[in-house]
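Worksheet: the structure to be examined is printed underneath.
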Amino acid sequence: MPDATQTTPEPTSAAVQPYDAIIVGAGFGGLYMLHRLRALGLRVRVFEAGSGVGGTWYWNRYPGARCDVESLEYSYSFSEDLQQQWDWKERYASQPEILSYANHVADRFELRRDIAFDTRVLGADFDPLRNEWVLRTDRGDVARAPHCIMAVGCLSLPRMPEFPGRDSFKGKLYHTGLWPQEGVDFSGLRVGVIGTGSSGIQAIPQIARQAAHLHVFQRTPNYSLPAVNHPLDRQAVARVKAEYAALRERARKAPAGVAGFAILTRSALEDPPAVRQQVYQDGWVRGTTGFTRLYKDLLTDPAANDTAAEFVRGKIRSIVKDPAVAARLTPTDHFIGTKRICLDTDYFETYNRANVTLVDVRSAPIEAITASGIRTAEREFELDAIVMATGFDAMTGALLAIDIRNGAGATLAQKWAGGPRTYLGLMTAGFPNLFVIAGPGSPSVLTNMISSIEQHVDWITRCIEQLRARGIARMEAEQTAEDQWVEHVNEVADLTLLPRANSWYVGANVPGKPRVFMPYLGGLHVYRARCEEVAARDYEGFALSS
Ligand code: NAP
């Protein structure tokens with residue numbers, strides 16, 4: 001943990017670049033934030049660790065990487081010209097397509113000139129005398145601005161388990177979240193994939209098609225549904241575009257920020273089994289993460305949940321030919337939807353291939369990575385390449401990787417040692433003028449991220465505009481408001497089954513991380529109304545001072 005008494009060496013003032021706002025990250029959050037603040041006439045600087053824009057879609061280039069929200073909805077709504085002129089090719093866009101969209105947005109709105117690429121922010125110090133944030137980067141930049149906006153992403157700090165001997169491996173080691181730009185050719189290779197979350201489940205079928213042999217090292221089986229991805233029909237796209245504004249409006253009023261998810265009022269237990277089976281079958285062939293919204297109580301009632309879980313388990317048994325392999329792939333340790341549900345293309349079918357072996361590392365854990373492969377408690381596997389699909393230090397990891405100090409002797413890492421604490425997910429008490437986009441305490445990862453990003457950016461933009469107009473130099477979340485919000489976030493989560501799963505939502509994937517349900521489950525529509533109300537009441541719960 002950083003030493004809070006240590007102060008940043010004050011650079012010579014000539015070296016300090018002054019701005020009106022600094023944004024960390026040039027993913028979808030940072031890009032839109034830059035666009036909006038620049039339109040206010042502000043001098044803005046964005047620091048981005050990657051060499052290009054796109055955030056998660058810049059880094060996650062593994063084979064099969066694809067969004068699980070439909071492209072016509074997983075896209076910015078702020079520009080009518082943009083949404084009319086950009087043509088999505090597939091129902092669920094692939095990583096290359098989303099990355100070219102991010103690049104198009106950066107070019108179209110001339111965003112690059114304000115972005116410093118290949119520049120990682122190391123520290124951010126609040127200067128209480130000037131009410132400014134001073135940021136330091138790994139390239140020696142020092143920049144100051146009254147407002148700092150963290151757009152660092154929720155799943156952007158890759159997690160590599162500390163297997164003994166990891167560095168001794170003579171083959172190639174990859175992480176799905178740090179994939180080489182030039183791609184990887186697995187032809188003729190013996191490959192091992194560790195991890196069967198969304199990333200692993202997307203990558204495994206693709207790697208299996210190339211590799212000589214693929215071993216999948218699975219600790220926990222996951223629920224996955226076929227994505228039913230397909231090229232978009234031009235006429236269907238034209239119909240959406242003709243009424244895009246209405247679709248976006250429905251998304252704004254929807255709990256997950258997705259217009260296509262119906263809000264259902266029936267309990268799963270109200271329907272007779274045959275009707276329920278048909279509802280699930282219809283959901284299965286439609287291919288949607290909205291599967292757990294087919295009934296109102298799938299995420300709150302264990303008995304209701306089990307009807308959906310059992311349907312998916314039945315599908316796994318019917319697809320996977322070897323009953324022993326099917327049994328190992330069948331999730332039984334968590335409720336469906338309490339870990340992020342996965343969408344796949346041919347995932348379970350891949351285990352019918354002769355060149356794919358499922359290795360259960362729950363019963364025989366990985367003991368070490370050796371020079372020639374992976375050793376489990378049972379045996380050694382000789383491999384030419386290992387792919388870690390082992391996830392991220394989610395929601396807080398990327399924020400806490402920056403040494404954030406509040407100028408009053410506290411670091412963010414100290415404040416969040418017991419888990420993240422925010423007011424509305426937008427600010428944290430004791431750290432004035434520091435905004436977070438789609439961070440812990442906001443709906444964020446439980447929604448269409450672009451809907452959540454737009455909502456946050458719009459709110460922050462209006463807020464900064466008003467602060468500047470009124471000469472308010474300092475805005476800070478009040479402790480009581482924050483405590484009440486954190487309590488509310490927990491209460492809402494506890495009404496559901498989600499906190500019970502060992503998911504990254506609760507930090508369970510990172511050893512030693514405090515177990516706290518991090519995103520806000522109350523729904524983006526409810527949350528949006530709350531944020532609007534707070535702003536309308538002169539930023540109730542925030543202390544404003546000149
Ligand atoms: P993840 O869901 O956290 O999955 C990590 C996997 O690695 C799990 O199967 C985990 O097993 C395994 N693992 C971790 N440490 C291990 C160890 N020491 N030994 C054996 N196995 C280990 O990570 P992810 O797949 O990268 O997905 C993270 C999130 O990113 C997703 O939930 C989703 O929100 C987002 N994402 C979205 C898409 C999409 O839009 N389609 C695609 C990729 C990612 P345990 O479960 O036993 O811990």
Side-chain angles (χ1 to χ4, degrees), residues 55-57 59-71 73-74 91-95 98 153-164 166 174-179 192-204 206 215-227 229 256 258 287-289 329 331 333-334 337-345 347 358-369 374-377 386-395 397 438 444-450 498 501-511 513 518-519:
T56 199
W57 301 105
W59 298 102
N60 285 266
R61 296 166 189 247
Y62 60 85
R66 188 178 290 286
C67 190
D68 59 6
V69 177
E70 296 194 36
S71 50
E73 295 221 40
Y74 187 85
R91 178 187 182 197
Y92 291 110
S94 66
Q95 175 273 331
I98 302 173
C154 291
L155 294 154
S156 45
L157 186 70
R159 214 197 119 247
M160 285 254 195
E162 297 286 332
F163 297 118
R166 203 176 66 191
Y174 305 98
H175 189 289
T176 46
L178 291 171
W179 205 256
V193 172
I194 304 175
T196 50
S198 301
S199 304
I201 281 176
Q202 289 185 331
I204 284 163
Q206 299 276 333
H215 282 93
V216 177
F217 295 84
Q218 173 194 264
R219 189 163 64 183
T220 312
N222 241 319
Y223 296 97
S224 187
L225 312 173
N229 182 41
V258 179
T288 165
T289 53
L329 286 167
D333 78 326
H334 62 282
T338 56
K339 286 184 169 189
R340 171 80 168 200
I341 207 161
C342 306
L343 288 192
D344 70 83
T345 301
Y347 176 63
L358 180 66
V359 182
D360 177 8
V361 294
R362 171 75 64 197
S363 59
I366 296 173
E367 288 186 338
I369 293 186
I374 291 177
R375 193 178 71 235
T376 70
I386 297 175
V387 175
M388 300 260 195
T390 45
F392 303 86
D393 183 348
M395 303 210 74
S444 158
V445 292
L446 299 169
T447 68
N448 172 359
M449 278 300 281
I450 300 202
L498 273 82
N502 290 324
S503 66
W504 56 258
Y505 295 141
V506 295
N509 64 327
V510 178
K513 190 163 173 171
M518 294 182 282

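Just follow the structure's listing: the first ligand is 1, and inside any ligand the first atom is 1.
- Those atoms of ligand 1 with a heavy atom of Arg159 less than 4.0 angstrom away are 14 (C), 15 (N).
- The N/O atoms of Thr176, backbone and side chain alike, include none that comes under 3.5 Å of an N/O atom in ligand 1.
- Set against the non-hydrogen atoms of Ile194, the atoms of ligand 1 under 4.0 Å away are 20 (C), 21 (N).
- The shortest heavy-atom contact between His334 and Pro331 is CE1-CB, 4.2 Å.
- Residues Lys513 and Gly507 come closest through the heavy atom pair CB-O, 3.5 Å.
- Near Arg362, meaning under 4.0 Å from any of its heavy atoms, are these atoms of ligand 1: 47 (O).
- Contact annotation for Thr220 and ligand 1: heavy atoms of both the backbone and the side chain come within less than 4.0 Å of the ligand.
- When hydrogens are left out, the protein atom nearest atom 43 (C) of ligand 1 is Tyr62 OH, 3.1 Å; that is the closest non-hydrogen contact.
- Between atom 6 (C) of ligand 1 and the options Gly200, Cys67, Ala389, Gly391, the minimum heavy-atom separation is to Ala389.
- Taking every non-hydrogen atom of Asp68 and a distance limit under 4.0 Å, the qualifying atoms of ligand 1 come out as 39 (C), 40 (O), 41 (N).
- The shortest non-hydrogen separation linking Thr196 to Thr220 is OG1-O, 3.1 Å.
- Scanning all protein heavy atoms for the shortest distance to atom 3 (O) of ligand 1 gives Trp504 CD1, 3.7 Å.
- Relative ring orientation between His175 and Phe392 is described as perpendicular, the plane-to-plane angle rising above 60° on a 0-90° scale split at 30° and 60°.
- Pairing each heavy atom of Tyr92 with each of Thr288, the nearest pair is OH-CA, 3.7 Å.
- Numbered from 1 in the order shown, with element, the atoms of ligand 1 that lie under 4.0 Å from a heavy atom of Arg340 read 32 (O), 33 (C), 34 (O).
- Here is the list of ligand 1 atoms found below 4.0 Å of a heavy atom in Phe392: 26 (O).
- At the shortest separation from atom 30 (O) of ligand 1 among protein heavy atoms lies Leu155 CD1, 3.4 Å.
- The ligand atoms of ligand 1 that sit less than 4.0 angstrom from a heavy atom of Lys339 are 46 (O).
- Of all atoms in ligand 1, numbered sequentially from 1 with element shown, those under 4.0 Å from a heavy atom of Phe163 are 17 (C), 18 (N), 19 (N).
- Regarding atom 2 (O) of ligand 1, its nearest protein heavy-atom neighbour is Gly197 CA, 3.7 Å.
- A side-chain contact (heavy atoms from CB on, under 4.5 Å) with Cys67 is found for exactly one of Ile450, Leu343, Ile98, Asn448, namely Ile98.
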Practice prompt. Given side-chain hydrogen bond (donor to acceptor under 3.5 Å, both in side chains), test Asp68 with Thr289 step by step and report yes or no.
Written response: CA-CA 7 Å; Asp68 59 6; Thr289 53; 5.4 Å; no
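- When only non-hydrogen protein atoms are considered, atom 39 (C) of ligand 1 lies nearest to Arg66 O, 3.2 Å.
- Between the side chain of Asn229 and the backbone N or O of Thr345 there is no donor-acceptor pair closer than 3.5 Å.
- Ser444 and Met395 make their closest contact through OG-CE, 3.4 Å (heavy atoms, listed as atom of the first residue, atom of the second, distance).
- For atom 12 (C) of ligand 1, the closest non-hydrogen atom of the protein is Gly195 CA, 3.6 Å.
- The single protein non-hydrogen atom nearest to atom 31 (C) of ligand 1 is Ser198 OG, 3.5 Å, given as residue, atom name and distance.
- With sequence neighbours excluded, the residues forming a side chain to side chain donor-acceptor pair (under 3.5 Å) with Asp360 are Ser363, listed by chain and number.
- Summarising the contacts of atom 27 (O) of ligand 1 with Ala93, Ser199, Cys342, Pro158, the nearest heavy atom is found in Ser199.
- The closest protein non-hydrogen atom to atom 10 (C) of ligand 1 is Arg219 NH2, 4.4 Å.
- You'll find the side chain of Met388 stays beyond 4.5 Å of the side chain of Tyr174, heavy atoms only.
- The main-chain N or O of Trp504 is never found under 3.5 Å from a side-chain atom of Arg340 such that the two would form a donor-acceptor pair.
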